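Below is one structure, written out as structure tokens, with a few remarks after it.
Quick caveat, the model's predicted, so the values are computed rather than measured. Chain identifiers are assigned alphabetically (A, B, ...) following the order of the sequence lines, protein sequences preceding nucleic acid strands; residue numbering begins at 1 within each chain.
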Number of protein chains: 2
Amino acid sequence: MHSFENTIQKLRSEGFKLTPQRLAVIKYMIGNKSHPSALAIHKELKRRYPTLSFSTVYNTLNMLQKIDEIRSIHVFDDHLNYDPNTEPHIHFLCSKCDMVHDIFLEQAEGIQVYAGEIDGHLVDSYELFFKGTCKDCR
Amino acid sequence: MHSFENTIQKLRSEGFKLTPQRLAVIKYMIGNKSHPSALAIHKELKRRYPTLSFSTVYNTLNMLQKIDEIRSIHVFDDHLNYDPNTEPHIHFLCSKCDMVHDIFLEQAEGIQVYAGEIDGHLVDSYELFFKGTCKDCR
DNA sequence: GAGTTATTAATAATAATTATTGACTTATAA
DNA sequence: TTATAAGTCAATAATTATTATTAATAACTC
């Protein structure tokens with residue numbers, strides 16, 4: 001999800017209709033660094049759209065995943081979280097504050113992931129996930 | 001879960017009772033490379049223990065996680081899988097055959113994960129997960 | 001072996017996500 | 001415009017993985 005216009009464009013070209021609900025989810029997600037759950041998204045948007053249903057949130061999220069504008073990540077065991085940044089990057093979960101921090105390869109000294117072939121297997125994508133105590137909580 | 005005796009010892013010292021159900025789950029998990037789900041474990045063990053309940057499988061798995069004899073991994077969106085290898089290693093999911101392959105750092109050329117500190121955050125553990133086409137399916 | 005207590009199986013409960021459906025919009029064409 | 005067709009919405013029900021409850025049972029201690 002690189003920009004609002006970009007995403008709108010993509011939706012149009014894929015034949016999706018631009019409804020207020022969808023635009024609200026898109027606007028909420030663009031540039032969002034909090035890796036929200038469907039619950040959090042629904043909770044927040046319900047303020048502006050009191051009739052907004054969970055199904056619509058999920059439908060929109062699944063639609064955005066299909067056109068590669070967001071991705072889902074497994075942070076906790078019982079629900080999914082969503083990230084508008086679909087570029088390869090690393091997630092760090094702080095076990096103190098439960099925040100998920102993004103880490104980009106440039107900032108990741110000591111980390112190297114060659115994602116072509118590994119032990120004979122052909123790699124399409126990877127996910128690197130850290131757990132620990134974040135810099136704010138240390 | 002390094003060995004049967006080892007695990008038994010650990011259970012005893014933690015005050016857990018050694019029931020046939022628990023021993024069955026432990027035996028099933030030791031050295032198991034298939035990363036089974038609770039469903040798969042239950043299905044398999046039900047043959048020998050027809051009254052075995054799902055709760056018991058989950059209880060045992062959670063207990064084994066608590067004493068660090070197994071770990072849970074997020075392979076798919078809708079359920080957890082379990083791995084008796086608690087040493088740091090990498091998982092590779094083949095999108096063709098759905099098998100999860102273990103990869104150890106020695107075999108992982110081009111992969112380097114320094115797990116001490118990253119971007120100011122203190123690292124406790126990490127998980128590296130690949131998706132692609134495995135060597136058998138290529 | 002008897003007593004204590006954790007554990008079991010069965011069942012119900014919880015909670016995230018998905019499916020269904022009928023009313024309602026929107027986009028396009030007449 | 002207005003009609004029409006298609007897609008989308010909210011509400012609701014359904015599904016499914018996992019956890020909680022509970023009375024009966026089995027494992028450990030003495």
Point to revise | Any donor-acceptor N/O pair under 3.5 Å between dA16(C) base and S37(A) side chain | key: no
Review point. Starting at OH of Y58(B) and ending at P of dA12(C), how long is that distance when rounded to a whole Å?
Key: 19 Å
Review point. What's the NE2-C1' distance between H79(B) and dT17(C), to the nearest Å?
Key: 15 Å
Review point. N59(B) or N81(B): which one's nearest nucleotide on DNA chain D is closer to the 5' end?
Key: N81(B)
Study note, to complete from the structure: Rounding to the nearest 10°, end axes of the helix from dG1(C)-dC30(D) to dA30(C)-dT1(D) built from five pairs each make an angle of 30°
Check your understanding: R22(B) or N62(A): which one's nearest nucleotide on DNA chain C is closer to the 5' end?
Key -> R22(B)
Between the protein and nucleotides 25-29 of chain D, which nitrogen or oxygen pairs come in under 3.5 angstrom?
unit_1: dA27(D); atom_1: N3; unit_2: K17(B); atom_2: NZ; d: 3.4
unit_1: dC28(D); atom_1: OP1; unit_2: L18(B); atom_2: N; d: 3.0

**Study point:** T56(B) side-chain N/O to dA9(C) phosphate OP1/OP2 under 4.0 Å
**Key:** yes
Check your understanding: Any donor-acceptor pair under 3.5 Å between the side chain of T51(B) and the base of dA10(C)?
Key -> no
Check your understanding: What is the distance from OH of Y82(B) to P of dA17(D), rounded to the nearest Å?
Key -> 12 Å
Review point. Mind checking whether H89(B) and F104(B) have parallel, tilted or perpendicular rings, split at 30° and 60°?
Key: tilted
Point to revise | H121(A)-F92(B) aromatic ring centre distance below 6.0 Å | key: yes
Review point. Which class fits the ring pair F130(A) and Y126(B): parallel under 30°, tilted 30 to 60°, perpendicular over 60°?
Key: tilted
